[in-house]
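First listed ligand is number 1; within each ligand, the first listed atom is number 1. FYI, the numbering just counts along the sequence from 1.
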Amino acid sequence: MRNKIFKSIWIAAISVFFASLLFILGISYSYFTSIQKLQLKNQTELAAKGVSISGSVYLEELNPEGYRITWISQDGTVLYDNQANSEIMENHLERKEVMEALENGSGSSERYSNTLTEKQFYCARRLPDGSVIRLSIVQAAVWTLLLGFAQPICIVIIIAFLLSFFIASRLARKIVEPLNNIDIKNPEMYYGKETYREVEPLLRHISEQNIQLKKDKDLIEKNALIRQEFTANVSHELKTPLHVISGYAELIENGMVRDEDIKPFVRIIREESIRITKLVEDIIDLTKLDSGVVDLSWENCNLYSIAENVIESLYSEYTEKGISVTLRGSSSPLKSIPQLLYSITYNICDNAIKYNRPGGYVEVNVYKNDGYTILSVKDSGIGIEEQYQDRIFERFYRVDKSHSKEVGGTGLGLSIVKHALLILNGSVKVESSPETGTTFTVSIPS
Ligand code: ADP
């Protein structure tokens, strides 16, 4: 970058220098020409005086360098010319400067020579006897001027090159230095400072990036902590049923259980195995939702039919407890992910049965409201005290751990609901009181 700034400054300086040089040369040339014309006029005056005093003798003795002198009679006949044979020269009466001189006393003109390569300046003066003295000179060419200035111009060019090189490299360093000195971690401290005014948008951008990086870092750390806690919880949750299974199996193996007790012991082993299976299934579901690796597709589905299927699959659970389950509402089609809708409905209805009182009821309602498809599940169960209502969506959080275990809970059902709703852009609301029971209301945009 420093190199680029240096080159830009240097090229700009050199360009300005050459443009100025050309301009100055142009002005000098026109000044030079005006001096030449003035000299021609003075020389013409002198020659006119000389001829009027001494006649043609004056002209013959005169040997002016660079000037051409012509003496023309009143009728235009050339009487004398220092560069050509006057006798064969044509009549000069028509020449502009001669005509002017005859009329006004003096005249001037400029013309290109026959070859058109050089310009001639003419100046004429009428003498008292009516004849005209005319002097002419070739305009000095540009290169004559350049040649005269060659040495100083070369010196100025060399100095300009060196000076601009030195200044450009210093300026480039001065521009880049403050940028290199910026403390990228604290760009805010340069806001409003004169030196950094032009790069303030960049500094603000860096600051935003820093904030974003910090947020990302915090999130990564938080996620790592959650994962750590989750792993610890999983091991803990698995350990208990595994201990039970191995303990009972060992007792049976060592013949320490009476024959009539073997059946209940085996039942416990089976129940604990089912718990482990359910736990592992829930963990797999939750991990899939969490990592986003699930291959789920959005399809046309119907929440009412899904609720029907869920209730059907929970039939043995609620009839065992003498709970009545009713489904109200009507066909509720929506574009969504059926597996997730099933999982949400299943976990909420399963809880409504699990945490219900014997002989209680569950009312499931599916309806559309204001662009949302609503699933509400009301139970007549044990309810959830207000202080726990936010926490029940946390992983492995159970209001009453032993009761949850008793009814086959893993503490992951509502976490799965929360994660599934995140994917579907939906939300869930809990209303509950320990006396009357709980209502979960799920809203899914449709
Ligand atoms: P679990 O597998 O233990 O049911 P969940 O994540 O589904 O785990 O629920 C978390 C906790 O929330 C449960 O342990 C229970 O204490 C409470 N809970 C959930 N649903 C209900 C409900 N319908 N009635 C009373 N308590 C509930």
Side-chain angles (χ1 to χ4, degrees), residues 226 229-230 233-234 236-241 271-290 307 310-311 313-314 317-318 320-327 340-366 374-423 426-442:
I226 290 174
E229 267 176 31
F230 185 62
N233 277 327
V234 168
H236 180 77
E237 294 293 329
L238 283 172
K239 236 194 256 164
T240 324
E271 277 171 6
E272 292 300 321
S273 312
I274 291 170
R275 184 196 301 285
I276 293 175
T277 312
K278 172 91 176 69
L279 189 68
V280 170
E281 276 169 6
D282 279 359
I283 289 168
I284 291 171
D285 281 355
L286 194 59
T287 315
K288 273 185 185 168
L289 290 176
D290 218 11
V310 167
I311 293 166
S313 67
L314 288 167
E317 273 85 351
Y318 66 82
E320 228 171 65
K321 286 179 115 182
I323 294 168
S324 68
V325 179
T326 50
L327 172 62
L340 298 188
L341 288 181
Y342 187 90
S343 181
I344 293 165
T345 316
Y346 185 91
N347 278 301
I348 293 176
C349 291
D350 185 38
N351 281 351
I353 297 163
K354 274 193 310 198
Y355 302 104
N356 219 317
R357 300 173 209 277
Y361 67 85
V362 175
E363 283 172 14
V364 183
N365 212 340
V366 181
I374 314 285
L375 166 80
S376 101
V377 180
K378 184 175 181 213
D379 66 53
S380 58
I382 57 172
I384 308 158
E385 281 181 49
E386 187 148 8
Q387 76 245 44
Y388 306 123
Q389 287 177 11
D390 277 344
R391 302 209 59 193
I392 52 174
F393 294 95
E394 290 173 18
R395 294 165 184 197
F396 294 112
Y397 186 81
R398 286 164 280 199
V399 177
D400 179 347
K401 205 164 176 169
S402 58
H403 180 60
S404 164
K405 273 192 170 172
E406 220 171 86
V407 293
T410 60
L412 293 176
L414 290 179
S415 290
I416 293 173
V417 169
K418 193 177 89 176
H419 274 80
L421 283 170
L422 263 176
I423 296 175
S427 61
V428 60
K429 193 176 80 183
V430 194
E431 289 158 288
S432 182
S433 86
E435 294 86 42
T436 49
T438 308
T439 305
F440 279 89
T441 312
V442 172

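Atom CD1 of I392 is separated from atom CD of E385 by 12.5 Å, given to the nearest 0.5 angstrom. How far NZ of K354 is from CG of N351: 4.5 Å, rounded to the nearest 0.5 Å.
Heavy atoms of G381 come nearer than 4.0 angstrom to ligand 1 in no pair at all. For the pair F440 and ligand 1, a heavy-atom separation below 4.0 Å is found.
If you check which protein heavy atom lies closest to atom 16 (O) of ligand 1, you get V399 N, 3.1 Å. Given atom 10 (C) of ligand 1, the protein heavy atom at minimum distance is Y397 O, 3.3 Å. For atom 8 (O) of ligand 1, the nearest non-hydrogen atom of the protein is G411 CA, 3.1 Å. The protein heavy atom nearest to atom 23 (N) of ligand 1 is D379 OD2, 2.9 Å. Here the protein heavy atom with the shortest distance to atom 19 (C) of ligand 1 is N351 ND2, 3.4 Å. Protein heavy atom closest to atom 13 (C) of ligand 1, with residue, atom name and distance, is Y355 OH, 3.3 Å.
Residue I382 places no N or O, backbone or side chain, under 3.5 Å from any N or O of ligand 1. By the 3.5 Å distance cut-off applied to N or O atoms, T410 is counted among the residues near ligand 1.
Scanning S432, S404, G413 for the heavy atom closest to atom 3 (O) of ligand 1 points to S404. Ranked by closest heavy atom to atom 5 (P) of ligand 1, the top entry among T438, V417, L414 is L414. In this structure, of V362, I384, I392, the residue bringing a heavy atom nearest to atom 27 (C) of ligand 1 is I384.
Taking 4.5 Å as the limit, every side-chain heavy atom of E237 sits out of range of all side-chain heavy atoms of T410. No side-chain heavy atom of V399 sits under 4.5 Å from any side-chain heavy atom of Y355. Here the side chains of F440 and V417 are not in contact, with every heavy-atom distance at 4.5 Å or above. With contacts defined as side-chain heavy-atom distances shorter than 4.5 Å, the pair E229/F396 does not qualify.
D290 has a carboxylate O that lies under 4.0 Å from a charged side-chain N of R395, or vice versa, which qualifies the two as a salt bridge. Note on K278 versus E281: no salt bridge recorded, every NZ/NE/NH1/NH2 to OD/OE distance being 4.0 Å or above.
Of the heavy atoms in D350, none comes closer than 4.0 Å to ligand 1. If you look at K354 next to ligand 1, the close heavy atoms, those under 4.0 Å, all belong to the side chain.
The side chain to side chain contact (heavy atoms under 4.5 Å, CB included) test with L279 singles out one residue from D282, I276, I283, and that residue is I283.
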- request: Give the intermediate values and the outcome of side-chain contact (heavy atoms from CB on, under 4.5 Å) for residues V366 and L327.
  value: CA-CA 8 Å; V366 181; L327 172 62; 4.2 Å; yes
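Residue contact check: R398 has heavy atoms under 4.0 Å from atoms 3 (O), 14 (O) of ligand 1.
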